[in-house]
Amino acid sequence: MGRRRNPWLNLGMDSLWLGAEAQGVIALRMMKFAAGGPAAAAEAELMVAEKLRAAAETQTQLLTSVLTGKGHLAPARAVAGYRRKVRANRRRLGKI
């Protein structure tokens, strides 16, 4: 017999991981900003553009979830979407 999954616990753990992963990305960005130069300026512009794009995508996803009758899945989908973006940034910023 399989273990039942608690969606609230899963959402809480995913949110916790999102926060931890985001802190790592913030540290990598701060190091890049501290180095200065054109790379730092480009990163700042990319960061703002990514944040605006991610917010728009999340709003669209949340609205779609609600309109299709799956509003209960919206929070987990939002956190999963942000985690994907944070991991992609960590991979990109971690390259030397």
Side-chain angles (χ1 to χ4, degrees):
M1 183 149 115
R3 210 171 60 163
R4 286 192 176 176
R5 295 179 94 80
N6 181 336
W8 288 106
L9 180 61
N10 292 341
L11 179 60
M13 291 304 296
D14 286 344
S15 298
L16 179 71
W17 277 110
L18 172 61
E21 293 164 343
Q23 289 299 314
V25 170
I26 290 168
L28 291 169
R29 279 195 168 130
M30 290 297 109
M31 287 188 285
K32 189 164 216 160
F33 294 156
E43 181 62 31
E45 289 179 20
L46 179 62
M47 178 182 69
V48 172
E50 284 178 341
K51 289 185 181 300
L52 292 172
R53 192 176 323 113
E57 288 173 8
T58 301
Q59 287 178 344
T60 302
Q61 186 180 46
L62 294 175
L63 182 60
T64 301
S65 293
V66 170
L67 292 176
T68 58
K70 297 181 181 176
H72 62 287
L73 299 176
R77 288 177 176 174
V79 170
Y82 277 114
R83 282 193 72 195
R84 276 191 301 276
K85 292 177 187 322
V86 168
R87 282 192 306 267
N89 277 321
R90 187 182 64 216
R91 283 190 300 273
R92 179 179 56 79
L93 290 165
K95 292 180 184 177
I96 296 175

Chemist: Looking at every non-hydrogen atom in both residues, tell me the closest pair between T58 and A78 and how far apart they are.
Modeler: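 Heavy atoms only, the tightest pair is CG2-CB, 3.8 Å.
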Chemist: Could you list the residues that satisfy side-chain contact (heavy atoms from CB on, under 4.5 Å) with L16, not counting sequence neighbours?
Modeler: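 With sequence neighbours excluded, L16 shows a side-chain contact (heavy atoms from CB on, under 4.5 Å) to M13, given in chain and number order.
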Chemist: Name all residues meeting the side-chain contact (heavy atoms from CB on, under 4.5 Å) criterion together with A54; count only those two or more places apart in sequence or in a different chain, and write none if there are none.
Modeler: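 For A54 the side-chain contact (heavy atoms from CB on, under 4.5 Å) partners, ignoring immediate neighbours, are Y82, K85.
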Chemist: For L62, what are the other residues in its hydrophobic cluster, where any two members join if their side-chain heavy atoms are less than 4.5 angstrom apart?
Modeler: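 When side chains under 4.5 Å apart are linked, L62 ends up in no cluster with other residues.
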Chemist: Which pairs count as side-chain hydrogen bond (donor to acceptor under 3.5 Å, both in side chains) when at least one residue sits in residues 18-41, sequence neighbours excluded?
Modeler: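 Passing the test, one end in residues 18-41: E21-R83, R29-E43, R29-E50.
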Chemist: Between atom CZ of R87 and atom CZ of R91, what is the distance when rounded to the nearest 0.5 Å?
Modeler: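 It comes to 7.0 Å.
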Chemist: Side-chain heavy atoms under 4.5 Å apart, restricted to Ile/Leu/Val/Met/Phe/Trp/Tyr: what other residues fall into the cluster of I26, or is it alone?
Modeler: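 Traced through the cluster, I26 reaches M30, F33, M47.
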Chemist: Taking only residues at least two apart or on different chains, which pairs with a member in residues 59-68 satisfy side-chain hydrogen bond (donor to acceptor under 3.5 Å, both in side chains)?
Modeler: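 Those involving residues 59-68 are S65-R77.
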Chemist: Provide the closest heavy-atom pair for V79 versus S15 in the form atom of the first, atom of the second, distance.
Modeler: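 So the two residues come closest at CG2-OG, 3.8 Å.
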Chemist: With a 4.5 Å cut-off on side-chain heavy-atom distances among I, L, V, M, F, W and Y, is there a chain of contacts connecting V86 to M31?
Modeler: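 Hydrophobic grouping puts V86 with M31.
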